[in-house]
Trainee: 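Have a look at this one.
Just so it is clear, the model here is predicted, and its values are computed rather than measured.
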2 protein chains.
Amino acid sequence: MTPSADRLTIGELAARSGLASSALRYYEELGLITSQRTAGGQRRYHRAMLRRLAFVRAAQRVGLSLDEAGQALARLPDDRAPTAAQWAPVARAWQRRIDAQIAELQLLRRKLGGCVGCGCLSLKTCALYNPDDTAAAHGPGARWLLGDTPPEPPARA
Amino acid sequence: MTPSADRLTIGELAARSGLASSALRYYEELGLITSQRTAGGQRRYHRAMLRRLAFVRAAQRVGLSLDEAGQALARLPDDRAPTAAQWAPVARAWQRRIDAQIAELQLLRRKLGGCVGCGCLSLKTCALYNPDDTAAAHGPGARWLLGDTPPEPPARA
DNA sequence: TGTCTACTTCAAGCGCGCTTGAAGTTCGTC
DNA sequence: GACGAACTTCAAGCGCGCTTGAAGTAGACA
């Protein structure tokens, strides 16, 4: 081991991040994290990778794919904490995304509320049935994360 | 066509439900919907399948797998609208699930809020970093949908 | 020096939710 | 009765996010 703190082995990084080594190799292959190699070819990770991994995990919880997370990560420094200026737009974009998700769930919840008493699911009247709402908003990807057109919180939902 | 209204072809059901025919065959294979067959072997669907499909789509939006949706469907009648007594526990279970999801998203949102100004993602202090919270609650499956132990809304969240 | 664990690559596999394609059949209409 | 669109089955494939396994190598410690 002799962890030297900034040269974590893959096993150490796995233990600290809670991810499997195989997942870390996969992430590295996707470019989400980077490593140096020892003379013998083993990976050594800078502690800053823990931050990137935390970012990725948070991104997944927001519903981003690894690819999308990678695009967002590409705008942050690899080796040290982002500055407020770097981080703020990303965080704000995530908050908007989260807000949209919450709004959608609340809508669904209200619709269910309307159904609870009636056992309806009627073809004509049940709101669950005719979700002509903003559901499909999740579509294409995360271009918005890169600073373009953030998704408006569901208009009329 | 001659739709006779209660004997929808797969194409008609696809058109009305917004799902692809291939998806409908797949759902049938999974037991989510049922059909009769014509003398020649073609599927004919009762309109009530539209209700089941709406249910499945709603279930997916709540984050259930098709398998879980099928388990919930199994408790509702196949050929007509559920009674209030049949529907209410399912709807309430979904609402609890939705509430838990909303709570989790709100927690994440607050954490991001804490990070926005600081650009932190600090190893020691950032809340995003140390999500020792209720995230993993999604685990096993939807036994709760069947009436057992509904998941408490995230305790301390 | 030897041992043993942790690492390496590469290819394949898995679970989910479907889609695609090939080859053949049925249905509704003219 | 013939035509064309819509259907049938079956097997394979895909995209995502990994995991598993085989075969071999490096690194830490006694």
Side-chain angles (χ1 to χ4, degrees), chain A residues 1-4 7-45 49 52-53 55-71 73 135-136 138-142, chain B residues 1-4 7-45 49 52-53 55-71 73 138-142:
Chain A
M1 297 291 174
T2 321
S4 112
R7 305 210 72 212
L8 301 171
T9 66
I10 195 170
E12 288 161 349
L13 189 62
R16 295 200 186 194
S17 67
L19 292 161
S21 299
S22 56
L24 297 179
R25 289 192 199 96
Y26 180 61
Y27 287 3
E28 189 173 337
E29 191 181 332
L30 297 185
L32 299 176
I33 53 176
T34 55
S35 65
Q36 282 79 248
R37 298 296 184 119
T38 63
Q42 295 196 358
R43 290 171 178 84
R44 289 300 181 269
Y45 292 100
M49 294 306 137
R52 291 174 81 85
L53 292 172
F55 183 95
V56 169
R57 281 161 59 100
Q60 289 186 306
R61 292 174 68 195
V62 182
L64 297 185
S65 66
L66 292 179
D67 187 68
E68 290 167 330
Q71 291 177 43
L73 266 178
H138 288 305
Chain B
M1 300 286 178
T2 318
S4 113
R7 306 210 72 214
L8 301 172
T9 67
I10 196 170
E12 287 162 349
L13 189 62
R16 294 201 186 194
S17 67
L19 292 161
S21 300
S22 57
L24 297 178
R25 288 193 199 95
Y26 180 62
Y27 286 2
E28 190 172 337
E29 191 181 332
L30 297 186
L32 299 176
I33 53 176
T34 55
S35 65
Q36 282 81 247
R37 297 296 182 121
T38 63
Q42 295 197 358
R43 290 170 177 85
R44 289 299 180 271
Y45 293 100
M49 294 308 137
R52 289 174 83 84
L53 291 173
F55 184 95
V56 170
R57 281 160 59 100
Q60 288 185 308
R61 291 174 68 194
V62 181
L64 298 184
S65 66
L66 291 180
D67 188 68
E68 291 167 330
Q71 291 178 42
L73 266 178
H138 288 305

Trainee: Rounded to whole Å, how long is the line connecting atom CG of B:Asp67 with atom C1' of C:dC18?
Mentor: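 Roughly 15 Å, once rounded to whole Å.
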
Trainee: When you match A:Ser65 and A:Thr38 each to their closest nucleotide on DNA chain D, which lands nearer the 5' end?
Mentor: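 Nearest nucleotide further toward 5': that of A:Ser65.
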
Trainee: Does B:Thr9 make a side-chain N or O approach to OP1 or OP2 of D:dC7 shorter than 4.0 Å?
Mentor: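 Yes, B:Thr9 has a side-chain N/O under 4.0 Å of OP1/OP2 on D:dC7.
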
Trainee: Mind checking whether A:Leu30 and A:Asp67 have side chains closer than 4.5 Å, heavy atoms only?
Mentor: no

Trainee: Could you state the OH-P distance from A:Tyr26 to D:dC18, rounded to the nearest angstrom?
Mentor: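 The answer, rounded to whole Å, is 7 Å.
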
Trainee: Once you round it to whole Å, what is the distance between P of C:dC27 and CD of B:Glu12?
Mentor: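 Spelled out: CD on B:Glu12 to P on C:dC27 is 14 Å.
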
Trainee: Looking at C:dC18, I'd like to know if its phosphate oxygens (OP1 or OP2) sit under 4.0 Å from a side-chain N or O belonging to B:Tyr27.
Mentor: yes

Trainee: Output yes when at least one side-chain N/O atom of B:Gln60 is less than 4.0 Å from OP1 or OP2 of C:dC18, else no.
Mentor: yes

Trainee: When you measure from the side-chain N and O atoms of B:Arg25 to the phosphate of C:dG17, is any distance below 4.0 Å, counting only OP1 and OP2?
Mentor: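 False: B:Arg25 side-chain N/O out of range (4.0 Å or more) of C:dG17 OP1/OP2.
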
Trainee: Quick check on C:dT25: is either OP1 or OP2 less than 4.0 Å from any side-chain nitrogen or oxygen of B:Arg37?
Mentor: no

Trainee: How many Å lie between CD on B:Gln36 and P on D:dC7, as a whole number?
Mentor: 16 Å

Trainee: Of A:Gly41 and B:Ser21, whose closest DNA chain C nucleotide lies nearer the 5' terminus?
Mentor: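 Final value for this comparison: A:Gly41.
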
Trainee: So, applying side chain to side chain donor-acceptor pair (under 3.5 Å) with B:Tyr45, which one of B:Glu28, B:Glu12, B:Arg7 is it?
Mentor: B:Glu28

Trainee: Need to verify one output field. Residue with the more 5' nearest nucleotide on DNA chain D, A:Gly40 or A:Ala20?
Mentor: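 The residue closer to the strand's 5' end, by nearest nucleotide, is A:Ala20.
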
Trainee: Report yes if some heavy atom in the side chain of A:Leu19 is under 4.5 Å from a heavy atom in the side chain of A:Val56; otherwise report no.
Mentor: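 Side chain of A:Leu19 against side chain of A:Val56, heavy atoms only: no contact under 4.5 Å found.
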
Trainee: When we call it a touch if two heavy atoms are under 4.0 Å apart, what does A:Leu30 touch: a base, just sugar-phosphate, or nothing?
Mentor: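 A:Leu30: no heavy atom of the nucleic acid under 4.0 Å.
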
Trainee: Just the rounded figure in Å: distance from P of C:dC18 to CD1 of B:Ile33.
Mentor: 12 Å

Trainee: Write down the distance between CD (B:Gln42) and C1' (C:dG28), rounded to a whole number of angstrom.
Mentor: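 Whole-Å distance recorded here is 10 Å.
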
Trainee: Round to the nearest Å and state the distance from B:Glu29 atom CD to D:dT9 atom P.
Mentor: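 To the nearest whole Å, that distance equals 10 Å.
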
Trainee: Would you say the side chain of B:Arg16 lies within less than 4.5 Å of the side chain of B:Leu8, judging by non-hydrogen atoms?
Mentor: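 When only atoms from C-beta onward are counted, B:Arg16 and B:Leu8 do touch, with a gap below 4.5 Å.
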
Trainee: Starting from C1' on C:dG17, measure out to CG on B:Leu24 and report it in whole angstrom.
Mentor: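 Distance check: B:Leu24 CG to C:dG17 C1' gives 13 Å.
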
Trainee: Looking at A:Gln60, A:Glu68, A:Arg61, which hits side chain to side chain contact (heavy atoms under 4.5 Å, CB included) with A:Leu64?
Mentor: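 Option passing the side chain to side chain contact (heavy atoms under 4.5 Å, CB included) with A:Leu64: A:Glu68.
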
Trainee: Using a heavy-atom cut-off of 4.0 Å across all strands, would you classify A:Arg43 as base, sugar-phosphate, or nothing?
Mentor: sugar-phosphate

